[in-house]
Structure formats: structure tokens, C-alpha cells
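Every chain is numbered from 1 and lettered A, B, ... according to where its sequence line falls, protein lines coming before strand lines.
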There are 2 protein chains.
Amino acid sequence: MASSSPRKSADTAERTLDVAERLVQIRGYNGFSYADIAAELDITKASLHYHYRGKAELGQALIARFSARFALALESIDRDATDARAKLDAYVNIYSAVLRGDRMCLCGMLAAEYETLPKPMGEAVARFFQDNETWLTNVFAQGQAAGSLSASMTPSQAAQMILSGLEGTMLIARTEGGLPRFQASARSLLDALTA
Amino acid sequence: MASSSPRKSADTAERTLDVAERLVQIRGYNGFSYADIAAELDITKASLHYHYRGKAELGQALIARFSARFALALESIDRDATDARAKLDAYVNIYSAVLRGDRMCLCGMLAAEYETLPKPMGEAVARFFQDNETWLTNVFAQGQAAGSLSASMTPSQAAQMILSGLEGTMLIARTEGGLPRFQASARSLLDALTA
DNA sequence: GTCTATAGGCAGATAGAC
DNA sequence: GTCTATCTGCCTATAGAC
């Protein structure tokens, strides 16, 4: 925006998203409140309502930013990495960075709470997974064409296997094993799909 | 127990677990209340507190029953199925039955909410995954010895891949694709591990 | 074993002053 | 933009009658 005020290091709306994002990734959408955010930002709940009309609106903004950031990261990978396996390794690194903060993937967390989410949030979560699957499918098709990735399943099947494998591993690693466990499992997963 | 009263078809304590289990599997531990259960059973919240002192105690009972039932199912598989691949297919069928009711695995759901759970609940969830991994590791070792399962990774790695793959697929399938998607992904997963 | 009644707290949200 | 003050409703939980 950069419209009205003399641009602080991070305005309240953005810092609200930062705090809320972390809370959702660690505690879940039904596990945090406006009061939690207000306390961390040292403002009142009423002030938060100025920036986001309600929790549902905040939730949508959260997914929108997360998805946009993820899309940028994927574009960045497409620019920097050449072969398919390198792209997949970089893809795994995105998840590793999340888990390093003891966080769950935002959309993985919201997927668990899917039945309790406002409809627009649920739809945005589903789109996130679709977009990731599309990207992974393309990467896998590229890898198969180059002969570097296993041709024992379709690119679409492999994409689902990677996506759900990483989300599931994240989910379980948070209860035990943490980042080391996640990285070992991710390596096994990719190795199983490498020709 | 079967101690005091003339044993009804299902006493309140048991029916409470049935309702609470479904609510947790669909909405999560932080997404249901005593009021929800009371309404379904047509009793008051106060009556529920007679059977389970508080929500944390109910939560522990939930995991205990779920884990015990799961353990019985695994014993049953060990009796009925002969080769390793048949055991894994039967294992997947347990998950399919859960998803058929639009439910998430109880412990998969609780894993997402791990950071908000009372300590005893969190520990019980971690144990559930450990027990499953142990069983799967043994099945995989058996399959490798018989030459029916892929020897390209250790039994322990394969067990983690199956467990997290199924949990992750369940998580995502609930947002889109449902049971058909889960079953297709599970088949891909097992096929990838079959020699 | 189930009830009524109630406590005490926290949730999401709004009105209106500054 | 942020505040104080407040609302309404739901949450978990308890005391005590039946």
C-alpha cells in the first residue's frame, strides 16, 4: 500500500499477520484468539478489529499471504534450479524452514481444522494444495522426460505422494523427532522417486 | 466394568466416548465442547462431569480407547493375513474405514493440535505413532525377508513413509477428493514399496 | 446418575471518545 | 489508529438437591 503514514518498519496490519500466522501454525486456528495477538503487539483487541473486521477475515488474509509467498518461492526455484531433483530438494527446504520454527505448514494445520473453518478459508486451503500439486506434477513430468525421476507412476500420482508425504511427516515429526526426523524422511521419500 | 447397573445397550460413559471421538475426529479437540456432547446425548453438561472429571480426562480416555482398538485390529491382521503386502492392504483399510465417515485419524488430528494438548494427551499421541511404526517396521522386515517388498530402504524408513504418507493423504483428502483420492494415493504408495 | 443453578473466565465483536 | 468500556454468548467446572 505505502499510502498514508511515513511507512514504519512494519505497520500493525502486517505485524498482526506475522503474529497470527505463527500462532495458527503452532496452535491452530481454533487455538488462538485476538487477545493473544493483542498481547504480543501490546495493543488492544479493539485496535485489531480496525485492521481486520473479524477472525474470519484475518484468517483469509493469512492464507492469501502464505499462498502468495509460497508461489514466489516456487517461481524462484524454477529460475534457480535446473534439474527436477534439485527442484524437489529445494521444495523440501521450504518445509524444513517452517519446521525449524516448530511450526506446521499453515495450510496443513488448517486442513486438520477444515470442518470448522469459514467457507472462504476452506476453499483457499484446498486451492493451496491444488497449486502445489500442479507445480509438483510439472516438475515430475520434467524429471521423467529427462530420465532422472522414476517412471513407475504418473507425474500426478508422484506429486500427490510428495505433497501428502511431506505434510504427514511434518505432522508427526512435531510430536517426536522434529527437524532431523523430517529431513531423514523427506530424503527417503525423494530417493524412492528418483530413477 | 459391568459392575453396578443391569448393563444397558451402551452406558453413558461409553456413549460419551463415541460422540466425543467423532467430534474430535471431525472438528478437533479445540473445536468441540461438553455442550456439544450433552446436546447429542440429551443430558446436561453437569452429568458429563460425573463420568469424566474434565475435558482433559475425557481426551485421555479417547486416545486410550482408540489406541487399544487399533492394537486389536493389528493383532487381527497378524492372525488373518499371511504375506506382508496383504497386511499392508489390511492396514490401509483401517484408515479407509475412518475416512468413510468423513473423519480424520484421531491421533492425526490431535497431532496437529499437539502444542495445545494437556501433556498426558500429547504423550499418548506420540506413543500411538511409535506403536504403529513398530508394527509397520516388523511387517516390512518380514516382507523384505520374503522378497515381496522393496529392499531399497530400511524397514524403519519404509514404516515412517507409510505412516506419514497415510496420515498426510487423509489430511489433504478431507479438503478435496475424499475417500476415492485417499484410496488411489494409498495404492500408489504401497505399489512404490512393493518389489 | 442426572438434574438445576451458578460461578468465573474468555471468546469475538461493537460504540464512541480521543 | 488506538483507546476505554461494554455486550452477549459460550466455555469449563462445581455445589448441592433429587
Side-chain angles (χ1 to χ4, degrees), chain A residues 1-21 23-24 26-63 110 113 115-122, chain B residues 1-21 23-24 26-62 110 113 115-121:
Chain A
M1 295 302 172
S3 54
S4 47
S5 67
R7 193 184 293 106
K8 280 162 285 184
S9 62
D11 63 13
T12 302
E14 196 73 12
R15 295 202 302 150
T16 297
L17 289 182
D18 293 339
V19 173
E21 183 177 80
L23 288 173
V24 172
I26 291 178
R27 305 179 52 86
Y29 183 74
N30 295 320
F32 85 102
S33 73
Y34 262 40
D36 296 324
I37 303 174
E40 278 202 53
L41 295 184
D42 208 43
I43 59 176
T44 63
K45 289 185 290 173
S47 298
L48 286 179
H49 280 283
Y50 169 80
H51 297 283
Y52 301 96
R53 190 195 301 249
K55 200 180 178 184
E57 202 170 272
L58 172 59
Q60 289 181 58
L62 238 31
I63 306 175
L110 294 175
E113 300 174 293
E115 292 292 339
T116 71
L117 299 180
K119 206 177 205 177
M121 284 185 67
Chain B
M1 292 303 174
S3 53
S4 47
S5 66
R7 193 185 292 105
K8 280 161 284 185
S9 61
D11 62 14
T12 301
E14 196 73 11
R15 295 202 301 150
T16 297
L17 289 182
D18 293 340
V19 173
E21 184 177 79
L23 288 173
V24 173
I26 291 178
R27 306 179 52 87
Y29 182 74
N30 295 321
F32 85 101
S33 73
Y34 262 40
D36 297 322
I37 304 174
E40 277 201 53
L41 295 184
D42 207 43
I43 59 176
T44 63
K45 291 182 288 174
S47 298
L48 286 179
H49 279 284
Y50 170 81
H51 298 283
Y52 301 95
R53 189 193 301 250
K55 200 180 177 184
E57 203 170 89
L58 172 57
Q60 288 181 59
L62 237 32
L110 295 175
E113 300 175 291
E115 292 292 339
T116 71
L117 298 180
K119 205 177 204 176
M121 285 186 67

Rounded to the nearest angstrom, tell me the gap between atom [atom1] in [X] and atom [atom2] in [N].
X: A/Asn30; N: D/dC11; atom1: CG; atom2: C1'; result: 13 Å
X: B/Leu48; N: D/dT14; atom1: CG; atom2: P; result: 14 Å
X: A/Ile43; N: D/dG1; atom1: CD1; atom2: C1'; result: 9 Å
X: B/Arg15; N: C/dT2; atom1: CZ; atom2: C1'; result: 13 Å

Query raised in the report: Does any non-hydrogen side-chain atom of B/Glu40 lie less than 4.5 Å from one of B/Leu23?
Result: yes
Would you say [X] places a side-chain N or O within less than 4.0 Å of OP1 or OP2 belonging to [N]?
X: B/Thr44; N: C/dT4; answer: no
X: B/Tyr50; N: C/dG1; answer: yes
X: A/Ser47; N: D/dC3; answer: yes

Requested in this report: For A/Glu113 and A/Tyr29, indicate whether the former's side chain and the latter's backbone hold a donor-acceptor pair under 3.5 Å.
Outcome: yes
**Report entry** Polar side-chain atom of B/Tyr52 near backbone of B/Leu17 as donor-acceptor pair, under 3.5 Å
**Finding:** no
Query raised in the report: Quick one: salt bridge (charged side-chain N to carboxylate O under 4.0 Å, His left out) partners of A/Glu115, sequence neighbours excluded?
Result: none
**Report entry** Any residue meeting salt bridge (charged side-chain N to carboxylate O under 4.0 Å, His left out) with A/Asp36, in chain and number order, not counting sequence neighbours
**Finding:** none
Please write out each protein N/O paired with an N/O of nucleotides 12-15 of chain C under 3.5 Å, distance rounded to 0.1 Å.
| unit_1 | atom_1 | unit_2 | atom_2 | d |
| --- | --- | --- | --- | --- |
| C/dG12 | OP1 | A/Lys55 | NZ | 3.0 |
| C/dG12 | OP2 | A/Tyr34 | N | 3.0 |
| C/dA13 | OP2 | A/Lys55 | N | 2.8 |
| C/dA13 | N7 | A/His49 | NE2 | 3.4 |

Query raised in the report: Roughly how far apart are B/Met121 CE and B/Lys55 NZ, rounded to 0.5 Å?
Result: 8.5 Å
